[in-house]
Amino acid sequence: MAASTTFLNRLGKELVPSVGQALLAVAAATILVVAGRSASILRTFGVTPEGVAAAGQPLRQQFDLILGSVFANNLILIIFWASVGVIVYLVCWAIYGAYISARNEVTININYVNTGRWQGPWATMVIKAVCATGLVIILASFQPGNILWQLMAAPFFTAPSLDTVLGLTGAIGGLALQLYLLLVTVLLTFTPWYHENVFTD
């Protein structure tokens with residue numbers, strides 16, 4: 001029988017990244033930085049913005065023709081109202097499901113007793129609400145943070161040097177941290193990490 005862990009220990013385990021999570025965050029940050037500076041990279045190879053625009057002109061014309069059709073307009077309306085309905089349904093389902101999940105996690109109708117400190121559904125809902133608030137804050141700050149990291153990385157793609165390499169490294173590291181915080185808040189919000197994994201007699 002494994003020893004029980006405290007609430008803070010479980011929280012700490014969730015906050016500390018694994019090697020795979022760290023590598024995934026760095027890889028995703030690198031891709032985002034490179035994608036954000038793609039114009040500078042293309043200019044380095046002699047491809048101008050005008051050349052990119054000219055290459056994409058035929059595709060844009062075909063896309064405009066498709067969007068201008070009656071079928072496309074009706075399809076867009078159907079998709080819009082279907083999306084509204086799905087969103088409303090998901091919000092209602094998420095609220096109800098979160099409460100039922102919280103109640104079920106602390107109501108064990110077998111010959112075991114949950115040794116976790118959080119024993120009631122309302123306590124669980126408070127934890128979920130706090131984590132969801134953190135998720136909203138991370139999402140709201142993601143775009144401003146991404147702009148900052150892109151600006152920090154920009155000098156490297158125009159004038160590579162030791163200083164700009166350090167700036168690029170800092171930008172990738174900062175964006176990777178931001179992406180990992182996003183992942184963590186999602187996991188903290190939608191997984192039952194706060195309860196004991198071990199039940200005792």
Side-chain angles (χ1 to χ4, degrees), residues 1-42 44 86-87 90-91 93-95 97-98 100-102 104-106 108 112 114-118 123-157 160 162-200:
M1 180 172 56
S4 63
T5 57
T6 65
F7 178 84
L8 291 179
N9 286 338
R10 293 193 293 275
L11 178 60
K13 288 179 181 179
E14 293 296 321
L15 294 178
V16 176
S18 65
V19 174
Q21 289 173 331
L23 292 177
L24 180 62
V26 171
T30 303
I31 291 171
L32 288 176
V33 168
V34 171
R37 310 315 308 171
S38 58
S40 299
I41 296 172
L42 289 174
T44 302
V86 168
I87 290 171
L90 288 176
V91 169
W93 176 84
I95 294 172
I100 294 300
S101 174
N104 290 343
E105 286 169 8
V106 296
I108 310 300
Y112 296 94
N114 190 341
T115 60
R117 184 171 298 177
W118 298 89
T124 299
M125 290 298 291
V126 168
I127 299 172
K128 286 181 179 289
V130 170
C131 295
T133 301
L135 176 59
V136 170
I137 293 172
I138 294 295
L139 286 173
S141 63
F142 187 82
Q143 185 58 22
N146 184 45
I147 292 173
L148 173 64
W149 308 128
Q150 294 290 347
L151 291 175
M152 185 183 294
F156 171 80
F157 295 97
L162 178 60
D163 291 338
T164 57
V165 167
L166 292 176
L168 176 65
T169 303
I172 291 175
L175 185 53
L177 177 61
Q178 196 170 0
L179 289 169
Y180 178 70
L181 289 176
L182 177 60
L183 173 64
V184 165
T185 51
V186 168
L187 292 176
L188 291 179
T189 302
F190 297 106
T191 61
W193 59 271
Y194 35 80
H195 283 294
E196 277 285 0
N197 294 324
V198 179
F199 296 86
T200 59

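As the structure is a prediction and not an experimental result, all values here were calculated from the model.
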**Request:** Scan residues 171-187 for pairs that pass side chain to side chain donor-acceptor pair (under 3.5 Å), counting only residues two or more places apart or in two chains.
**Result:**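 Non-adjacent pairs meeting side chain to side chain donor-acceptor pair (under 3.5 Å): Trp149-Gln178.
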
**Prompt:** So which pairs with a foot in residues 132-143 pass side chain to side chain donor-acceptor pair (under 3.5 Å), sequence neighbours left out?
**Reply:**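 Pairs touching residues 132-143 that pass the test: none.
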
**Flag side-chain contact, heavy atom, 4.5 Å: Leu182 against Leu135** =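 The answer is yes; the side chains approach within 4.5 Å.
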
**Item:** side chain to side chain donor-acceptor pair (under 3.5 Å) involving Thr164 - partner list, sequence neighbours excluded
**Value:**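 Scan of Thr164 (side chain to side chain donor-acceptor pair (under 3.5 Å), adjacent residues dropped) gives Ser161.
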
**Asked** Under the 3.5 angstrom rule, does the side chain of Glu14 hit a backbone N or O of Leu11 as a donor-acceptor pair?
**Response**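 Checked: no pair found.
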
Of all residues at least two apart in sequence or in a different chain, which pass the side-chain contact (heavy atoms from CB on, under 4.5 Å) check with [X]?
X	result
Val165	Phe156, Thr169
Ala29	Ile172, Leu175, Ala176, Leu179
Ile31	none

**Taking every non-hydrogen atom, the tightest pair across Gly167 and Met152** =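 Looks like O-CG, 3.3 Å.
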
**Prompt:** So which heavy atom on Leu187 is nearest to which on Gln21, and how close?
**Reply:**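 Closest approach of Leu187 to Gln21, heavy atoms only: CD1-NE2, 4.2 Å.
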
**Message:** side chain to side chain contact (heavy atoms under 4.5 Å, CB included) for Phe142 and Ile137? Distances and angles first, verdict last.
**Reply:** CA-CA 9 Å; Phe142 187 82; Ile137 293 172; over 6 Å; no

**Item:** Straight-line distance of Asp163 CG to Leu168 CG, nearest 0.5 Å
**Value:**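 Output value for this atom pair is 12.5 Å.
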
**Asked** Does the pair Val184 and Ile138 meet the rule for a side chain to side chain contact (heavy atoms under 4.5 Å, CB included), with working shown?
**Response** CA-CA 10 Å; Val184 165; Ile138 294 295; over 6 Å; no

